[in-house]
Amino acid sequence: MEVRARAPGKIILAGEHAVVHGSTAVAASIDLYTYVSLRFPTPEDNDDTLKLQLKDMALEFSWPVGKIKAALPELGSHAASSPTSCSPDTIKSIAALVEEHNIPEAETGLAAGVSAFLWLYTSIQGYKPAKVVVTSELPLGSGLGSSAAFCVSLSAALLALSDAVNLDFGQQGWLMFGESELELVNKWAFGGEKIIHGKPSGIDNTVSTYGNMIKFRSGDLTRIKSNMPLKMLITNTKVGRNTKALVASVSERKVRHPDAMIAVFTAVDSISNELASIIQCPASDDLVITEKEEKLEELMEMNQGLLQCMGVSHASIETVLRTTLKYKLGSKLTGAGGGGCVLTLLPSLLSGTVVDKVIAELESCGFTCMIAGIGGNGLEVCLGGSS
Ligand SMILES: Nc1ncnc2c1ncn2[C@@H]1O[C@H](COP(=O)(O)OP(=O)(O)OP(=O)(O)O)[C@@H](O)[C@H]1O
Ligand SMILES: C[C@@](O)(CCO)CC(=O)[O-]
Ligand SMILES: [Mg+2]
């Protein structure tokens, strides 16, 4: 029996980092996905291992299930219907299982993802042998929510073949889960994100699970519907960084300057709320759309200024900002910052020639640019493996 799941990456239009401290943020899914396939061996296969294949990186990890059982005895009896978080002791035992594999030096960040895999797999499926294959269209560690898309697609595949979820295996093609299944996936994925991010707000796994566009605050999501064309250029500075370290650095700054940082987070909250209401408000003609776009651009620039105050910008991000400003375009980092990706609003009346020029100039700096579709479906599953 085989199941496939796919979950999208995301952009954060406003509110990253501040959302970890209780402010509102606005995020949308993008049409780049992480795919997970899960297959249990047949008795004839005579295979007693759990295998994780990370296809894009040409890496394969494998553990005898008896070894996992001996190392993680506390996980096997957990109910898939009761999502939980990984305890610090279990994280240590999992890290020992991961360390047995030599992860290439350039990919050390992967250890956290492999740990999240072992925890989610064992907590949901116990000590069964299986083969899990992962591929992704998302750049890893670049602010587009690769960790959340990984945790969401993995949790969904694992739950689809568990007794916590009842699916009709007669159905063909990509299917959406019902509300209660989505909630279950989202909670498990949040547990996985905690292993990768340390202290996630939950916005990335939530937008990857539900798709579309959401407003998110203190664990609560409000689905929002855009009433205007939203075209964003995404520039990947290709400067690697790690969300866990950046989230921790903002918390440390908050400890050093609590009053100032709380004021910054409050300002971000207002920006996110205003941005969400502009996006949702119906526009009647081009003039109104232009005004709305100008306001959005300004709010994005203000948010970027506050992200600089939080200490999460980077020289490469500043280069993108300077370059796009030459063309009178507003930009902000998206995701955790410190490198990674930058969003630039492309107003609806902007000519294609200008867009081509900006892209050419950004790419001449060594960055890569793309225009992704925004606000599509969230998590989907495909039973039987094909499609
Ligand atoms: N397809 C994948 N396979 C294995 N591990 C993955 C995969 N995608 C993400 N990860 C894990 O997530 C880590 C990257 O997560 P991180 O949160 O730092 O960046 P991001 O999620 O891409 O950006 P952001 O959190 O800012 O949106 C990787 O180093 C790896 O551990
Ligand atoms: C930086 C952050 O706000 C967004 C990362 O995409 C972290 C989080 O909310 O978990
Ligand atoms: Mg992440």
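Both ligands and their constituent atoms are indexed starting at 1 by order of listing. Starting from 1, each residue takes its place in the sequence as its number.
Under 2.8 Å from the Mg ion (ligand 3) lies an N/O/S atom of S147, whether from backbone or side chain.
Using a 4.0 Å cut-off to heavy atoms of V134, the atoms of ligand 1 that qualify are 1 (N). Every atom of ligand 1 with a heavy atom of A336 under 4.0 Å away is listed here by number and element: 26 (O). Atoms of ligand 1 found under 4.0 Å from any heavy atom of K10 (numbered from 1 in listed order, with element): 24 (P), 27 (O). Listed by number with element, the atoms of ligand 1 under 4.0 Å from a non-hydrogen atom of D204 are 25 (O), 27 (O). Listed by atom number, the atoms of ligand 1 under 4.0 Å from H197 heavy atoms are 17 (O), 25 (O). Residue-ligand proximity, H197 to ligand 2, at heavy-atom distances under 4.0 Å covers atoms 10 (O). Ligand-side atoms of ligand 1 in range of L144: 23 (O), 27 (O), range being under 4.0 angstrom from any heavy atom. Counting atoms of ligand 2 from 1 in the listed order, those under 4.0 Å from a heavy atom of E16 are 3 (O). Of all atoms in ligand 2, listed by their number and element, those nearer than 4.0 Å to a heavy atom of V19 are 3 (O), 9 (O). If you number the atoms of ligand 2 from 1 as listed, the ones under 4.0 Å from a heavy atom of P200 come out as 10 (O). Within ligand 2, the atoms closer than 4.0 Å to a non-hydrogen atom of V20 are 3 (O), 7 (C), 8 (C), 9 (O), numbered from 1 in the order shown. Remark: ligand 1 atoms within the under-4.0 Å shell around heavy atoms of S142 are 22 (O). Interface atoms of ligand 2 facing I203, defined by a heavy-atom separation under 4.0 Å, are 9 (O). Against a heavy-atom cut-off of under 4.0 Å, G335 is close to the following atoms of ligand 1: 26 (O).
Among the atoms of L140, none of the N or O lies under 3.5 angstrom from an N or O of ligand 1. Considering both main-chain and side-chain atoms, A148 never comes within under 3.5 Å of ligand 1 through any nitrogen or oxygen pair. Where the criterion is an N or O separation shorter than 3.5 Å, residue side chain and backbone included, G113 meets it with respect to ligand 1. An N or O contact shorter than 3.5 Å links S147 to ligand 1 by distance. When only interatomic distances are considered, the shortest N/O to N/O separation between G141 and ligand 1 falls below 3.5 Å.
Considering only heavy atoms from C-beta on, W119 stays 4.5 Å or farther from I91 through its side chain. K51 has its side chain out of reach of V133: every pair of non-hydrogen atoms, C-beta onward, lies at least 4.5 Å apart.
A donor-acceptor contact shorter than 3.5 Å is absent between the side chain of Q125 and the backbone of T122. The closest donor-acceptor contact from the side chain of T90 to the backbone of C86 lies at 3.5 Å or more, if one exists at all. For S146 (side chain) and S142 (main-chain N/O), no donor-acceptor pair under 3.5 Å exists by modelled atom type. At least one donor-acceptor pair under 3.5 Å links the side chain of S29 to the backbone N or O of N212.
At least one heavy atom of R241 sits less than 4.0 Å from an atom of ligand 1. Every heavy atom of K244 sits 4.0 Å or more from the atoms of ligand 1.
Closest to atom 2 (C) of ligand 1, if we only count protein heavy atoms, is F150 CD1, 3.7 Å. The shortest contact between atom 31 (O) of ligand 1 and any protein heavy atom is with G109 O, 2.7 Å. At the top of the distance list for atom 5 (C) of ligand 2, counting protein heavy atoms only, stands D204 OD2, 3.3 Å. In terms of protein heavy atoms, atom 13 (C) of ligand 1 is closest to I196 CG2, 4.0 Å. Counting only heavy atoms of the protein, atom 10 (O) of ligand 2 lies nearest to S201 N, 2.9 Å. Among all protein heavy atoms, the one lying closest to atom 3 (O) of ligand 2 is H17 N, 2.8 Å.
Taking the N/O/S atoms of H197 in turn, the shortest distance to the Mg ion (ligand 3) belongs to NE2.
Contact detail for V239 and S316: the closest heavy-atom pair is CG2-OG, 3.5 Å. Closest approach of L343 and M300 over heavy atoms only: O-CE, 3.8 Å. For the residue pair V3 and A157, the shortest heavy atom distance occurs at CG1-O, 3.5 Å. The minimum heavy-atom distance linking V26 with I224 is given by the pair CG1-CD1, 3.9 Å. The nearest pair of heavy atoms linking G337 to L246 is O-CD1, 3.2 Å.
Between R223 and E179, at least one side-chain N (NZ, or NE/NH1/NH2) sits under 4.0 Å from a carboxylate O, which counts as a salt bridge. Ion pair E291/K295 not flagged as a salt bridge, since none of the NZ, NE, NH1 or NH2 atoms sits closer than 4.0 Å to an Asp/Glu carboxylate oxygen.
Between W188 and H78, the ring planes lie perpendicular to each other; the angle is over 60°, past the 30° to 60° tilted range. Ring pair F61/W63 is parallel by interplanar angle, where below 30° counts as parallel and above 60° as perpendicular.
Donor-acceptor pairing under 3.5 Å is recorded for the side chains of S313 and Q304. For the 3.5 Å distance criterion, the side chains of D45 and T42 qualify, holding a donor opposite an acceptor. In summary, the side chains of E363 and T368 do not present any donor paired with an acceptor at a separation below 3.5 Å, with no hydrogens or angles considered.
For atom 14 (C) of ligand 1, the nearest non-hydrogen atom from the set P139, S146, C341 comes from S146. When T243, L54, D56 are checked for heavy-atom proximity to atom 18 (O) of ligand 1, T243 turns out nearest.
When each of E16, E298, E297, E318 is checked for a salt bridge (Lys or Arg N to Asp or Glu O under 4.0 Å) with K332, only E16 meets the rule.
Counting heavy atoms under 4.0 Å from ligand 2, residue I12 touches it through the side chain alone. Residue-level proximity to ligand 2 for K10 is carried by the side chain, the only part with a heavy atom below 4.0 angstrom. Under 4.0 angstrom from ligand 1, the non-hydrogen atoms of L110 come from both its backbone and its side chain.
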